[in-house]
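Step one of this worksheet: look at the structure below.
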Amino acid sequence: MQLSREDLLLAYRRMRRIRDFEDRVHVEFATGELPGFVHLYAGEEASAVGVCMNLTDEDMIASTHRGHGHCLAKDTDATGMMLELYGRKDGICGGKGGSMHIADLSKGMMGANGIVGGGPPLICGAALTAKTLGTGNVAVAFTGDGGSNQGTTFEALNFAAVLKLPAIFVFENNGYAETTASQWSVACKDIVNRAAAFGMPGVSVDGTDFFAVWSAAREAVERARGGGGPTLMEVKVPRFYGHFEGDAETYRADGEVAALKRDHDCLKIFRGRVTEAGLLSNADLDTVDAEVAAEIEAAVALAKVSPLPGPEDLVTDVYVRY
Amino acid sequence: MQLSREDLLLAYRRMRRIRDFEDRVHVEFATGELPGFVHLYAGEEASAVGVCMNLTDEDMIASTHRGHGHCLAKDTDATGMMLELYGRKDGICGGKGGSMHIADLSKGMMGANGIVGGGPPLICGAALTAKTLGTGNVAVAFTGDGGSNQGTTFEALNFAAVLKLPAIFVFENNGYAETTASQWSVACKDIVNRAAAFGMPGVSVDGTDFFAVWSAAREAVERARGGGGPTLMEVKVPRFYGHFEGDAETYRADGEVAALKRDHDCLKIFRGRVTEAGLLSNADLDTVDAEVAAEIEAAVALAKVSPLPGPEDLVTDVYVRY
Amino acid sequence: MPKKTFKQALNEAHFHEMRRDPRVIVMGEDISGGIGASGEMDAWGGSEGVTKGLYPEFGPSRVVDTPLSESAIIGAAVGAATTGLRPVADLMFADFLGVCFDQIFNQAAKFRYMFGGKAVTPVVIRGMIGAGFRTAAQHSQCLYPIFTHIPGLKVVIPSNPYDAKGLLIQAIRDDDPVIFLEHKLLYGVTGEVPDGAYTVPFGEAKVLREGGDVTIVALALMVQVALDAAELLSKRGIEATVIDPRTTSPLDLDTIVESVEETGHLVIVDESSPRCNIATDIAAQVADVAFHALKGPIKMVTPPHTPVPFSPSLEDLYLPSAERVAAAVEASLRTRKGAA
Amino acid sequence: MPKKTFKQALNEAHFHEMRRDPRVIVMGEDISGGIGASGEMDAWGGSEGVTKGLYPEFGPSRVVDTPLSESAIIGAAVGAATTGLRPVADLMFADFLGVCFDQIFNQAAKFRYMFGGKAVTPVVIRGMIGAGFRTAAQHSQCLYPIFTHIPGLKVVIPSNPYDAKGLLIQAIRDDDPVIFLEHKLLYGVTGEVPDGAYTVPFGEAKVLREGGDVTIVALALMVQVALDAAELLSKRGIEATVIDPRTTSPLDLDTIVESVEETGHLVIVDESSPRCNIATDIAAQVADVAFHALKGPIKMVTPPHTPVPFSPSLEDLYLPSAERVAAAVEASLRTRKGAA
Ligand SMILES: Cc1ncc(C[n+]2csc(CCOP(=O)(O)OP(=O)(O)O)c2C)c(N)n1
Ligand SMILES: Cc1ncc(C[n+]2csc(CCOP(=O)(O)OP(=O)(O)O)c2C)c(N)n1
Ligand SMILES: [Mg+2]
Ligand SMILES: [Mg+2]
């Protein structure tokens, strides 16, 4: 399989949408208008999109506290998400979830997660459903380098391997868990070195290279769909912002972020690659940029004026029936 | 360092004490006199003793639900243990703990544990104490093959490696977690294959060979004492009885246990080795056998007539002060 | 009606629902037993044999043995539930919640609310509770107050074979996450159990005995203790109503309040540790909404604030006894309103 | 006395005890911050800066940054406590108990009892609690009823800077496992805090205000809500006693009962979920031992039985308000005994 022109445009649009969404949230948060804990995915776009371009709406993903990118890569509505971040009644979760709990089951997005390591066991479940019902679907858990040290994650790896589940464990190593460097906290340095402990194939890719991520994920997805069991993928990505919005980031070296933005921006790299290869033109990409910018602008404008949930919403949605 | 004649006699005595203790508990349980859940260590003696012969009373161990052998290998009093199993007031835990909760901190025995995977995190703590206070002590977690799949265990491995703790993780692979075969449940087949996932040295030994266990443990203990960090040891052992007393064991192949007892009995193997090498005589060993038999006999006799705890004991020992 | 044990009743409930709905699966450690080994499969059928016989009929795709990894087991059950299956996961001893609690209380319980009503998580988590089995502090706890505390969970605690079967079938058909707790000492208890499938609704207490002097509320093993106490009291001229709530979340407070409005006295027997437990929960609710009806103090009969001891001599003292319940009733009746 | 924030008070307590006793260590994720990275160490001093400055003074052997592995962190703290250190472990959000609860409730809490009184486990586990921070369902829970339920744990919940410092010093010097819970919305609150070290004993409630008409009990952030309600009520001619138990295990029931004996009315304000919580716990105990003194129903003011919502508009409704507390007091006063 090759990526068509439409695929490339879609991939770019999704990455661009993530970037713009996050850059804008960064700005809005700084003005104090956005409540809560917000963790931005800027810089890591090629990972989510590279993986999810291989998935259908029936393939499930589980995300993390840094979930906006995974949602958007799975085509969750950006406007609904922005409204959710603003705690609005018409937000994608009715304003009840917020940044860390965005889910869109209709798109195969099982939820961001405020608990690090919460997703991998859940993804075993989605994969078990696929296997039991013979749907041919796959399930993907996104986890960070910090989350790679959480017991629930390790259990899920072994569980998926033993039961030969159609699951893929994508570890986005962005160098940090909050302030803690992954080269310190992951005893084996590279997370991919853990694949053997679970008897599963492992692959490490440069997460600034959309094409590298896409093809590694493609192989893993095909193996999973074909009954070949789970794969561990480590994707090395830069983190452009702080751990959360408001982080002073003094634990990072001076100039570290500037250099990452300059030399390791997956969007710039993508643009360079596709234009040099003559697959897309700069004009094509500029059009996408403009469309996405307008989309995000409109989303924020709507979010700011949209109604808040009211007292009648407080006690609904706890149970299906009680 | 070599094992002296006294060391060899001590090692044999401890292994024999475990075997006799367990064989006797097996009999007593069958008569219905012993209450509770009892998991016997018979067949695995060379593992506990081979490891613990390298330890002092200041070195801590954490054990499992199958803890009698680890306790006795660390020189916990067999009579106090037998009284505990009978729920007696003079039991080593006042009758409050029973088989799954025997501890003897004065001997460096931090407790059997009813929660599979409970011990490895605790051992990180004992190792942290040793490191922080600079005592040169080491700490050892015994875990089973089933427990090797528990998230708490994985976390402890990484934690110990990252903090370079003087810890040793001994995985006693006896082929089963209850009825579940370890070759099925451990995705990488051999637990030792997990060492690399935590950047630590791993070693696999035949647990029916006391000398193999002893020297592998010795190397790990020396490394830990010297500041070289943790080691993962897999010890392959046979399980002579059921998972717990009362287990019909239909999941085992016909003749499996008989063959294990015949060909893989660490006591027989030890006797063969030391007598052939002229290190100890059969008479030496027979004397130990007789002494141990008398000791266990006396322990059971005492346990049967010893007083039970009374109402005044029910609410003590919850807090130091409340 | 045929007599069956509590264990058989639970076993039948599994068969009915697995035959009825292909989305129902069971999973857990040794849930069939013997996987990967060279002897028999279905060697155990769960640690107490509750799921015995399912494997031969439904095979490995619906009777899923697992590694020893509770977070993965429960998390997978939860994830499978949100994606179309109806898993019944066996936690074995409820005491093991400590290694997988996040998947229960932060994930399963909260999905529906956090996701604005879009998730449905029809998972059943079975666990054994209770003392008396001589299994000491880490295998004898009740812990249902913890589950009951968490919004988003339903908590079911049967006390007899009939209810066990009907409540488990209801739990499996229910669309919310259900914690289903089985007292180990009840497995061997027998009672009349229909052969067919039937449900017992959640949130409907059962009145086991009627008497006008005092209301005794009890769950699980304590129901029998309460009934025994009622017999003792009856001989002393005191007639008790005994109520088994059967589910603590939802709780049928109305039935309790109605009874207290008649009797004016309430005694709650709860095997769980005394602080923040079901006894305090019910007592407090009654002291609010039915205060006007109370003629004496609300008494709670519970174990002491200690871990469960191993020694049979201590464990027997630990558990509430009929005699202690009767004494509590008498104390409440003695201290009538205004008497102090 | 100098004015300090709640956060500064906690920070000082750490300094005092670490200087005083070399066995005291702190550990947790980002407890100093920046480990292995190329920028500053002590970058955060814990996620809220409570442990800031310890690293420069005490260094890595006593200020232990850890991987993201709560079971290992808490288990290691517990194991270190039984072997001679006095660790203060930071769980960050108490909501994370789900991934490490076993080490707290089956290990630390039970060692002493299971081992027949031979173990001493002087560990402090710090965790943030409470809503109002716009952090949604998995980062806003109180959960202290769960800890309070477990025999073997002590549970400390300060409501002001003075108590925060004194209670934390007591917690560190205490020989039992202590769960120390900090409400996030209190960190910035200021109050008078002595510069030196002092302790506030466990199990001694603080009476913050005296009034003869009703007793209001509240914890943590709810103490201020209760005081605000008392002001509202005072304007309406109702005088309230406000009591902060400060520790829920042990609980100073005597002070509450003494007050109820005077006022005859009890209202408990509890930010935790309503079932099996501290409000029910205290209500039930009072409805037993002080029944004779009650002149009206015991009222509990709590959030609804729902997860904590994200949207500020909902979260503000979720939290008990002074107005709701005042209304509950009035309801109790209205429904006097015999009135119905
Ligand atoms: C179980 C748990 N522990 C700790 C936290 C607090 N926390 C939130 S994000 C985070 C770091 C996660 O690092 P990583 O997995 O690398 O993801 P990243 O933030 O880098 O995307 C921590 C410690 C949490 N939310 N859940
Ligand atoms: C957390 C937890 N899960 C499950 C159990 C029930 N259980 C007790 S022992 C055991 C099997 C343990 O297998 P392994 O670790 O190989 O030890 P072995 O019994 O073979 O010595 C199980 C599942 C438990 N006690 N704790
Ligand atoms: Mg990271
Ligand atoms: Mg085993």
Which atom names give the shortest non-hydrogen contact between B:L314 and C:P304, and what distance separates them? CD2-CG, 3.8 Å
ring-ring contact (aromatic ring centres under 6.0 Å, His included) partners of C:F111, counting only residues at least two apart: C:F115
Chain C: which of B:G95, B:G147, B:P311 shares the most heavy-atom pairs with it under 4.5 Å? B:G95
Looking only at heavy atoms and a cut-off of under 4.5 Å, which of B:G91, B:G114, B:A187 has the most pairs with chain C? B:G114
Smallest heavy-atom separation, B:G146 atom then C:L68 atom, equals O-CB, 3.5 Å
May I ask you to check whether C:F310 and B:F37 place their ring centres under 6.0 Å from each other? no
Taking ring-ring contact (aromatic ring centres under 6.0 Å, His included) as the definition, give me every residue that meets it alongside B:Y41, ordered by chain and number, with sequence neighbours left out. B:H70
Any residue of residues 115-126 of chain B which, by heavy atoms, sits under 4.5 Å from chain C: B:I115, B:V116
Quick check - list every chain B-chain C donor-acceptor pair under 3.5 angstrom, one line each.
unit_1, atom_1, unit_2, atom_2, d
B:G87, O, C:S311, OG, 2.6
B:G95, O, C:S311, N, 2.9
B:K96, O, C:F310, N, 3.1
B:N113, OD1, C:Q138, NE2, 3.4
B:G114, N, C:Q138, OE1, 2.6
B:I115, N, C:Q138, OE1, 3.4
B:N149, O, C:S69, OG, 2.8
B:Q150, NE2, C:E70, OE1, 2.9
B:T179, N, C:D30, OD1, 3.0
B:T179, O, C:G34, N, 3.4
B:T179, OG1, C:D30, OD1, 2.6
B:T179, OG1, C:G34, N, 2.7
B:T180, N, C:D30, OD1, 3.4
B:T180, OG1, C:D30, OD1, 2.8
B:A181, N, C:I35, O, 3.0
B:Q183, NE2, C:G36, O, 3.1
B:D247, OD1, C:W44, NE1, 3.2
B:T250, O, C:E40, N, 2.9
B:Y251, O, C:G39, N, 2.7
B:P309, O, C:S313, OG, 2.8
B:Y319, OH, C:H305, NE2, 3.0

